[in-house]
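Beneath this line is the structure, given in structure tokens, with notes to follow.
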Protein chains: 2
Amino acid sequence: MALGPGRTNGQATPCEFCPLRRRPNLRPFTPDELAFVKTFKSDELRIEPGESFLREGTQSEYLYTVLSGWAFRYKMLDDGRRQILNYALPADMVGLQGTVMREMEHSVEALTPLTLCVFPRSKLWDLYSRFPSLAFDITWLAAREEQLIDSHLVSLGRRTALERTAYLLLHLYVRAEEAGLAKNNAIQFPFTQQHLADTLGMSLVHTNKTLKRLLASQSVRWHNRMFEIINRKLLVEIAGEDMAENRPRPFI
Amino acid sequence: MALGPGRTNGQATPCEFCPLRRRPNLRPFTPDELAFVKTFKSDELRIEPGESFLREGTQSEYLYTVLSGWAFRYKMLDDGRRQILNYALPADMVGLQGTVMREMEHSVEALTPLTLCVFPRSKLWDLYSRFPSLAFDITWLAAREEQLIDSHLVSLGRRTALERTAYLLLHLYVRAEEAGLAKNNAIQFPFTQQHLADTLGMSLVHTNKTLKRLLASQSVRWHNRMFEIINRKLLVEIAGEDMAENRPRPFI
DNA sequence: CGGGTTCTTGACTAGTTTCAAGCAAAGTGG
DNA sequence: CCACTTTGCTTGAAACTAGTCAAGAACCCG
């Protein structure tokens with residue numbers, strides 16, 4: 001307990017039956033690694049939508065892996081302006097910064113009901129000294145996160161509103177697909193236009209109008225949060241860049 | 001040799017006499033670590049300004065630590081639009097992404113004459129398995145890089161042109177100061193307004209005009225690339241946020 | 001002392017935000 | 001079950017911000 005927000009859920013999902021591990025693009029554990037991760041995971045947490053379970057400016061004793069649901073990382077300016085930095089999907093790790101740096105430099109909020117595996121930072125050293133393979137995986141995850149933000153930075157700095165919007169939706173679709181959340185080029189997206197606006201660095205109104213333009217291109221549909229790609233080639237063309245998918249990846 | 005661009009320089013700077021190691025904010029090595037890093041470093045490279053020694057889309061056999069000089073990471077769009085992602089100063093590591101992911105997702109170009117320590121990725125596993133402390137340091141560096149880009153993303157998404165410019169100049173000044181490149185609130189910056197524009201996600205003209213406004217505030221001076229903070233409190237106020245400095249940090 | 005790069009400026013155009021208002025869907029409580 | 005509130009989506013107009021074009025000035029290098 002005393003984990004801050006959220007409801008603890010004990011070891012509801014034992015690592016050996018981890019549903020993520022069955023996904024084909026996730027690298028398997030050796031038996032040794034599995035045994036260690038079982039002891040590394042100290043708890044399982046349930047977070048409700050809208051709840052921030054990591055907060056900018058606080059210290060974090062834990063890092064988390066998303067077991068199910070969507071979350072997003074964000075930063076706020078003093079006057080309330082918000083920038084969403086990235087989204088976290090199942091198998092993504094959040095909170096590493098807080099355990100490595102002095103304190104969190106961003107917050108993380110649940111977008112849907114969220115299940116998290118909880119890992120105490122106190123055992124992180126153990127992981128690094130006994131399981132270099134897992135240490136390497138953590139580095140891999142950190143490098144990938146950086147790479148995602150890099151692309152996003154290019155969008156905000158150098159892409160037009162339309163390109164940027166197309167790129168983001170394609171990006172989120174591809175990641176959701178990798179996480180097994182999409183079928184038939186369609187997915188139920190959990191975010192509002194305000195979330196998109198705060199991700200794209202645009203106003204809500206302009207986001208709405210840009211979205212209309214994108215829908216008019218007949219490359220995608222989006223009604224009632226249900227998103228569908230109807231002409232991927234065209235969407236890629238508007239976004240200006242395709243993105244790789246389903247590369248094998250680690251997770252912890 | 002066959003390292004791509006740049007001129008190899010052998011082991012011109014032995015690790016035990018590394019000039020960076022003398023900086024007070026950099027964590028010291030144990031003798032074991034030092035001995036290992038000496039074998040980890042395979043070469044030293046000299047790069048001329050304007051040369052890109054890591055290129056988007058290529059595979060990289062090496063990672064690098066900046067020994068002296070400035071570099072910048074950037075991405076280009078097909079039509080030539082460029083976004084500068086971040087700058088690398090002495091003690092910063094670049095190229096980790098290329099060794100962890102399949103290939104480089106960004107390029108890195110020298111801004112000044114640059115000296116680099118070269119580490120082959122083939123020995124990275126050795127580092128992870130034998131020196132968890134150094135593995136942890138690499139993770140730390142990756143997490144810090146991500147954190148810097150996060151702040152930058154907030155600038156591009158949610159700060160006004162003036163705030164953004166003030167924030168970037170303050171940020172670069174603080175980092176340069178940590179690297180020992182500034183004295184008396186002044187520093188010779190190596191970049192042009194075009195570099196700033198490509199970092200801030202603005203046009204050259206608008207960057208120039210915004211810079212003028214910032215200079216008019218009397219918080220900073222900038223003539224002939226010589227930058228000086230004359231009213232830090234005011235600059236911080238315009239930037240909207242101060243930044244921590246001189247925290248102890250690792251490097252390899 | 002040229003010739004190139006960088007910096008500066010003004011005028012015009014395009015893109016984006018803000019303001020304001022209306023609508024639709026979902027949730028709440030008597 | 002129906003007002004009532006809340007949240008999210010949509011739209012138009014006005015104001016502002018930023019980009020583009022163009023040209024000249026300043027600086028830098030050989």
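Computed from a prediction, not measured in an experiment: that's the story for all the values here. In what follows, chains are A, B, ... by sequence order, proteins preceding strands, each numbered from 1.
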Original post:
Touch check for A:S203, heavy atoms < 4.0 angstrom, all strands: base, sugar-phosphate only, or nothing?
Top reply: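 Base, at least one base atom sits under 4.0 Å.
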Subject >> Toward the 5' end of DNA chain C, by each residue's nearest nucleotide, A:N224 or A:R164 >> reply: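 The answer here is A:R164.
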Please give, in whole Å, the distance from [N] [atom2] to [X] [atom1]?
| X | N | atom1 | atom2 | answer |
| --- | --- | --- | --- | --- |
| A:F191 | D:dT7 | CZ | C1' | 17 Å |
| B:R158 | C:dT16 | CZ | C1' | 12 Å |
| B:Q188 | D:dC28 | CD | C1' | 13 Å |
| A:L204 | C:dT18 | CG | C1' | 12 Å |
| A:L211 | D:dG8 | CG | C1' | 13 Å |
| A:R213 | C:dT16 | CZ | C1' | 11 Å |
| A:K212 | D:dG8 | NZ | C1' | 12 Å |
| B:L196 | D:dA18 | CG | C1' | 17 Å |

Side chain of [X]: nearest nucleotide among [options]?
| X | options | answer |
| --- | --- | --- |
| B:H206 | D:dC9, D:dG19, C:dT18 | D:dG19 |
| A:V205 | C:dT18, C:dC7, D:dC21 | C:dT18 |
| A:R225 | D:dG8, C:dT8, C:dT18 | D:dG8 |

Subject >> Of A:Y87, A:F72, A:Y74, the residue whose pairing with A:F191 passes ring pair (Phe, Tyr, Trp, His ring centres under 6.0 Å) >> reply: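 Of A:Y87, A:F72, A:Y74, ring pair (Phe, Tyr, Trp, His ring centres under 6.0 Å) with A:F191 is met by A:Y87 alone.
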Subject >> Phosphate OP1/OP2 of D:dT10: any A:N208 side-chain N/O under 4.0 Å >> reply: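 Checking A:N208 against D:dT10: at least one side-chain N or O falls below 4.0 Å of OP1 or OP2.
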Subject >> Phosphate contact (D:dT7 OP1 or OP2) by A:Q194 side-chain N/O below 4.0 Å >> reply: no
**OP:** In plain terms, say whether A:E146 and B:R73 are close enough for a salt bridge, that is, a side-chain N and a carboxylate O under 4.0 Å apart.
**Re:** yes
Subject >> SB check B:E51 B:R46 (cutoff 4.0 Å) >> reply: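 No, this pair does not count.
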Original post:
Does the side chain of A:N208 come under 3.5 Å of the side chain of A:Q193 through a donor N or O and an acceptor N or O?
Top reply: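 Per modelled atom types, A:N208 and A:Q193 side chains form a pair under 3.5 Å.
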Original post:
Can a donor-acceptor pair be found between the side chains of B:N231 and B:Q218 at a distance below 3.5 Å?
Top reply: no
Subject >> side chain to side chain contact (heavy atoms under 4.5 Å, CB included) against A:D92, all qualifying residues, sequence neighbours excluded >> reply: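 Per chain and number, A:D92 pairs via side chain to side chain contact (heavy atoms under 4.5 Å, CB included) with A:A88, A:L89, A:R144, A:R175, A:R249.
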Subject >> Listed partners of B:F251 passing ring-ring contact (aromatic ring centres under 6.0 Å, His included), at least two apart >> reply: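 Per chain and number, B:F251 pairs via ring-ring contact (aromatic ring centres under 6.0 Å, His included) with no residue.
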Original post:
Which angle, to the nearest 10 degrees, lies between the helix axes at the two ends of the helix from C:dC1-D:dG30 to C:dG30-D:dC1, each defined by five pairs?
Top reply: 50°
Original post:
Taking N and O atoms by type only, does the side chain of B:K209 place a donor or acceptor under 3.5 Å from a partner on the base of D:dG19?
Top reply: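 No such pair is found, so the answer is no.
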